[in-house]
Amino acid sequence: QSTWVSITDGVVSRIELQTYTHSGTESLSITVDAALNPGNSGGPAFLGAQVIGIAMQIIEDAQSIGMLVPCNVVALFLECVAQGRAPAFPSFGIVEQLLEVPALRRAKSMA
């Protein structure tokens, strides 16, 4: 059992829907420029004295970019578990198509 405490300072850069690595589901996520490491996943993220999320995952190909599960997502999950039902999160059901390829833009009359 460790007696060390690790504190990392960071800035929120975006709040958006992202795919959670472990579940493969898309849900609300907070992106921060803090160095999250495998040992501090599951730890709290604070804004002042208030917990705003839980450290969840990192982007492996980038430096110091981490993802947090926001508190409202954690609260919904815990509420579902307390009620004995499987956690379910709403979805917009919208799929996006990037228009980076010039031929695709022309085909959609967007060139």
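This one's a predicted model, so the numbers in the text were calculated from it and none came from an experiment. For reference, positions follow the sequence shown, starting with 1. Computation of the quantities below employed the complete heavy-atom set of this structure, encompassing side-chain atoms and omitting hydrogens, waters and symmetry-equivalent molecules.
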Do you know the tightest heavy-atom contact between Met56 and Val69? SD-CG2, 3.4 Å

Smallest heavy-atom separation, Glu100 atom then Arg105 atom, equals O-NH1, 3.1 Å

Over 12 non-hydrogen atoms of neighbours within 6.0 angstrom of CD in Gln50: no

Side-chain heavy atoms under 4.5 angstrom apart, residues restricted to Ile, Leu, Val, Met, Phe, Trp, Tyr: same cluster for Phe46 and Ile30? no

In terms of heavy-atom contacts, Cys71 and Val51 come closest through SG-O, 3.2 Å

Check: Glu79 and Arg85 side chains under 4.5 Å, non-hydrogen atoms: yes

Linked, directly or transitively: Val32 and Val11 (ILVMFWY side chains, under 4.5 Å): no

With respect to Ser27, which candidate in Leu76, Val73, Thr19 satisfies the side-chain contact (heavy atoms from CB on, under 4.5 Å) definition? Val73

Would you tell me whether Thr31 and Gln18 have side-chain atoms, one donor and one acceptor, within less than 3.5 Å of each other? yes

Distance check, rounded to the nearest 0.5 Å: Met110 atom CE versus Leu99 atom CG? 5.5 Å

Please check if the number of heavy atoms outside Phe77 that lie under 6.0 Å from its CZ is greater than 12. no

Is it the case that over 12 heavy atoms from other parts of the model lie below 6.0 angstrom from the CZ atom of Arg14? no

Looking at Leu28 and Pro70, what are the two nearest heavy atoms and their distance? O-CD, 3.3 Å

Leu68 side, atom CG; Gln57 side, atom CD - distance, nearest 0.5 Å: 10.0 Å

